[in-house]
2 protein chains.
Amino acid sequence: MVVISLSQLFHCHFQEGSVTQASIQAVAREAGVSVSTVSRAFAKPDLVLPETRERVMAAAEKLNYRISRSAAALKSGQSFRIALLLSESIVTWFNSRIYAGLDSVFHPAGYDISVFSMTNADERRNFFTDLPVRRNVDAVVVSSFNIEPDESRKLKSMNVPIVGINIPSNNGFDAGVSIDDHAAEHIAVDHLVALGHHRIAYIGYDEMDDRSALRYSASARLQGFMDACNSYPGVTPMPLSLDHAGDPANAVLNCIISASPAPSAVCLCDDELAIPALFRLRQYGRRIPQDLSLIGFDDNLYAPSLGLTTLHQDPYAMGAKAAQKTLALISSDSKHPSAAAEPRFETPQVQLMLRETTAPYVDPDA
Amino acid sequence: MVVISLSQLFHCHFQEGSVTQASIQAVAREAGVSVSTVSRAFAKPDLVLPETRERVMAAAEKLNYRISRSAAALKSGQSFRIALLLSESIVTWFNSRIYAGLDSVFHPAGYDISVFSMTNADERRNFFTDLPVRRNVDAVVVSSFNIEPDESRKLKSMNVPIVGINIPSNNGFDAGVSIDDHAAEHIAVDHLVALGHHRIAYIGYDEMDDRSALRYSASARLQGFMDACNSYPGVTPMPLSLDHAGDPANAVLNCIISASPAPSAVCLCDDELAIPALFRLRQYGRRIPQDLSLIGFDDNLYAPSLGLTTLHQDPYAMGAKAAQKTLALISSDSKHPSAAAEPRFETPQVQLMLRETTAPYVDPDA
DNA sequence: TTGTAAGCGTTATCAC
DNA sequence: GTGATAACGCTTACAA
């Protein structure tokens, strides 16, 4: 009678590494070194002899070993997790690119991004009351969020770097990357005035319809538009606003048709609004740019091929830059308190992309 | 001389909880219970007396205590991290919605999503060779990825649930949510044929230009189109393809202009292509739908307000559903091997959205 | 229902 | 440059 014990049966399975996940102990044994050496070989490769490192890596490879991020996180006191605060869903043109830009830097550095999107006042209040991220993230990135002073004070209490993207003020932030919405609209108005336009409309969403939206950008753009128009004698700004609900294309059409006197040029708060507007206006016989000039904001996916004149911003680059600043702050936090990547705050340029939706003013009565 | 010790100096700071992060020990002390009770109060609230729980929660609140996710993860053996494999950037219409749908389920459940987007063959090979997620994720979600048999075998070796979204085959997956691209194009063709069209073009990207793209969806759609046309006697399918490079609007325009005989209807592989096409074709005098019918795919953000007739899919819902299946698999894994949410594989319906870019065929010579 | 105590798999502090 | 060992902050048998 042949007796085979369970451990004998399973021995080969364990050897093959397909069932059990090898720990650092096993790798140390396999490589004939101590666990500390294995740890160093992964975390601080230059502290071990190249030859030793090779042996460790070979053993790790053989056993299909990977460092446990949880254990490393626990011991090192970091969580390797970054909180990203959004005031809208991640599916928007802007937010998805911010995420991708952040991830392009954070992911290779071993950090995960935990997204908190607060789309209404309740979610927002709960977040700042509970502060669920406390002690569980190494930094907070706040994007396009019209954060209030006591909210940013609450974040500060977590003692981790707070980095802002397109935020109203640098106050309460350790670093930031924000475009100048106000100045950007000024560029648009300058262009239209240079073309001879003097009745210029601005169309955005009604600011009051949800309090947590990226209200800052919206109001800064409108304000920039107003200030720019008012800096030119004879130019009449016509601020119009839309309900968030309903078909944006129709809303813009109605808005423009019912404006009196009729504007000869329109700045739209973003391309997401400008594109349906361009479409519908042409469909209803308005020639663009001959009868009406149009300027968008963002330079999104469709703007180039539709020939939309618009203000260009690059949220992917902004996200990447913000992530770099964040990592610099995280590492400086522990060692050299002042070695963070300078400058801490940056303002990327917004560029007017001249395409086919603006043209010189022509007097319709002439 | 007054001597004040450091600990005296800092005492009040620690009390206020603003500098040091309280651990579970401190909460236990504050609440007058053991650490296990504190742990249970958070993780398994129904295992402690309501009264005790209250005391614990009050103490935790007072000390600003939050569970350390790293420590909980280490001890429990889970990582509370999900890998999401993408074959394109997360910024696409489809992927950003998949992410948002997954996150809507994973985030509340305490899981983070770690995105791995493989946009070229190198990245893809490295990922499957290294398998950096091994031992560090609780599940893998694969989205719109034309995964190969030996790749899915490698994933299987990790012993965590593998869930697919819009994948070519359920083989190697524990659960999945995929639309039927083939059947969807059949619906589009049925519609056009019913309108009297018989020279119908399909425009997609050249499949060969990057091997890692979501080739499966692309080829399945084309195949569905071909099969559908061929099922109707007298209907001529005209498969055309585009370079990925250059302005899509111009590419589509050229493609259609140079096709001979001229098609009376066109199916486009997605709305991202259909929208610039619609725009440019109208700009160049082609009346749509009178001269040419157009059908897109996706029903994206702009399709409704542009009046684009298109095939509707809902990636957000697919992501949410996939996440639910994933969580079911994770918890069944440890306990009841068969209690996973049934059915494990689902095929959401794709719906034709009839709008304003298709019309009955009119003989141009009549 | 609650407490005691033994780890989970790393990293860090020492020696050597 | 490398090795022994003590944490890190939780969870979970098991005991009470």
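We name chains A, B, ... by the order of the sequence lines, and we start the count at 1 in each one.
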task = Decide whether B:Ser79 and B:Asn136 meet the rule of one side-chain donor and one side-chain acceptor closer than 3.5 Å.
result = no

Among D:dC10, D:dA4, D:dG9, the one nearest any side-chain atom of B:Leu74 is D:dG9

Do any N or O atoms of the protein come closer than 3.5 Å to N or O atoms of nucleotides 12-16 of chain D, and which pairs are they?
from: D:dT12; atom 1: OP2; to: B:Lys44; atom 2: NZ; distance (Å): 2.6

Worksheet item: Which is true for A:Val33 with a 4.0 Å heavy-atom rule: it touches a base, it touches only sugar-phosphate, or it touches nothing?
Response: sugar-phosphate

Problem - side chain to side chain donor-acceptor pair (under 3.5 Å) between A:Ser157 and A:Arg134, intermediate numbers included - result: CA-CA 9 Å; A:Ser157 81; A:Arg134 178 187 291 279; 3.1 Å; yes

Next item on the list: Please check the phosphate of D:dC10 (OP1 and OP2 only) for any side-chain N or O of A:Arg135 closer than 4.0 Å.
Entry: yes

So the side-chain hydrogen bond (donor to acceptor under 3.5 Å, both in side chains) pairs with at least one residue in residues 46-60 of chain A (sequence neighbours excluded) are none

Review point. Under 4.0 angstrom, heavy atoms only, what part of the nucleic acid is A:Ile24 near: base, sugar-phosphate, or nothing?
Key: base

Here the pair of heavy atoms bringing A:Ile162 nearest to A:Gly172 is CB-O, 4.1 Å

Practice task
Establish, from distance only, whether the side-chain atoms of B:Ser34 and B:Thr37 form a donor-acceptor pair under 3.5 Å.
Solution key: yes

Separation of C:dT2 atom P from B:Asp46 atom CG, nearest Å, is 12 Å

From CD of A:Gln78 across to C1' of C:dT11 the rounded distance in Å is 12 Å

Atom CD of A:Glu54 and atom C1' of D:dG1 are separated, to the nearest Å, by 16 Å

One would report the end-axis bend of the helix from C:dT1-D:dA16 to C:dC16-D:dG1, five pairs per end and rounded to 10 degrees, as 20°

Of the listed D:dG3, C:dG9, D:dC10, the closest approach to the A:Ala71 side chain comes from C:dG9

Subject >> Phosphate OP1/OP2 of D:dG9 contacted by B:Ser68 side-chain N/O (<4.0 Å) >> reply: no

- Query: Contact class for B:Ser70 vs. all strands (heavy atom < 4.0 Å): base, sugar-phosphate, or nothing?
  - Reply: nothing

Rounded to whole Å, the CD1-C1' distance (A:Ile67 to C:dC8) equals 14 Å

Rounded to whole Å, the OH-C1' distance (A:Tyr65 to C:dT10) equals 7 Å

#### Entry: Centroid-centroid distance, A:Phe42 to A:Tyr65, less than 6.0 Å
yes

- Message: Quick check: B:Tyr99 with A:Tyr99 (ring centres under 6.0 Å apart)?
- Response: yes

Whole-Å distance, A:Arg69 CZ to C:dC8 C1', equals 17 Å

*Are A:Thr37 and D:dT2 close enough that a side-chain N or O sits under 4.0 Å from OP1 or OP2?*
no

Per atom distances to the A:Ala72 side chain, the nearest of C:dT10, C:dT2, D:dG3 is C:dT10

In short, A:Ser114 meets B:His107 closest at the heavy-atom pair OG-CE1, 4.1 Å

Atom CZ of B:Arg66 and atom C1' of D:dC10 are separated, to the nearest Å, by 17 Å

**Report entry** Worked check of side-chain contact (heavy atoms from CB on, under 4.5 Å) between A:Ile165 and A:Val141
**Finding:** CA-CA 7 Å; A:Ile165 298 174; A:Val141 177; 3.8 Å; yes

Practice item. Ignoring hydrogens and angles, state whether a donor on the side chain of B:Glu123 or B:Thr119 is under 3.5 Å from an acceptor on the partner side chain. Key: yes

Separation of D:dC10 atom P from B:Phe80 atom CZ, nearest Å, is 14 Å

* Checking all strands, does A:Phe42 fall into the base, sugar-phosphate, or nothing category for heavy-atom contacts under 4.0 angstrom? -> nothing

